[in-house]
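First up is the structure itself, then whatever we jot down about it.
In this chain, residues are counted from 1 in sequence order.
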Amino acid sequence: STLGMVRGAPAGSAGPGIGDLEALYRRMRAAGLRVRVDVHGTPLPLPPAAELAAYRVVQEAMTNVLKHADRKEATVVVDHRADGTRLEIAN
């Protein structure tokens, strides 16, 4: 699936989440993608499935930019709100 629900997660682990995005950005930069990140608001706890889904959406979007876009750059906006976290990924 696009989100790869537990791909790469250790047994018994909920998997990566929003707090792991910085490491993902570093790996993508090392692979040649110019990544700009804008974070707004104060992070609030999300259910583990939502954390994992958010991480996987960002991961998949940046991987697609790296593989398929002419311009190897992406902007990630993480907007923490009282009612949840909004993600925007653009190239």
Run the salt bridge (charged side-chain N to carboxylate O under 4.0 Å, His left out) test against R27 and tell me which residues pass, sequence neighbours left out. none

With sequence neighbours excluded, what pairs up with D20 under the salt bridge (charged side-chain N to carboxylate O under 4.0 Å, His left out) test? none

Drop me the distance from [X]'s [atom1] to [Y]'s [atom2], to the nearest 0.5 angstrom.
X: M28; Y: K72; atom1: CE; atom2: NZ; result: 12.0 Å
X: L21; Y: Q59; atom1: CG; atom2: CD; result: 9.5 Å
X: L33; Y: K67; atom1: CG; atom2: NZ; result: 13.0 Å
X: R56; Y: E51; atom1: CZ; atom2: CD; result: 12.5 Å

For [X], all residues meeting side chain to side chain contact (heavy atoms under 4.5 Å, CB included), sequence neighbours excluded:
X: A69; value: V65, N91
X: A50; value: L46, P47
X: H80; value: I18, V39, P43, V78, T85

Side-chain (R81) to main-chain (G41) donor-acceptor, under 3.5 angstrom: no

Can you tell me which residue pairs pass the side-chain hydrogen bond (donor to acceptor under 3.5 Å, both in side chains) test with a partner in residues 34-46, sequence neighbours excluded? R34-E73, R36-D38

Taking side chain to side chain donor-acceptor pair (under 3.5 Å) as the definition, give me every residue that meets it alongside [X], ordered by chain and number, with sequence neighbours left out.
X: N64; answer: none
X: D83; answer: none
X: E22; answer: none

What closest approach, in Å, do L66 and A31 show between heavy atoms, and which atom pair accounts for it? CD2-CB, 3.7 Å

List the atom of G17, the atom of Y55, and the distance in Å for their closest heavy-atom pair. O-CD1, 3.4 Å

Identify which one of V58, V77, D79 satisfies the side chain to side chain contact (heavy atoms under 4.5 Å, CB included) criterion when paired with E88. V77

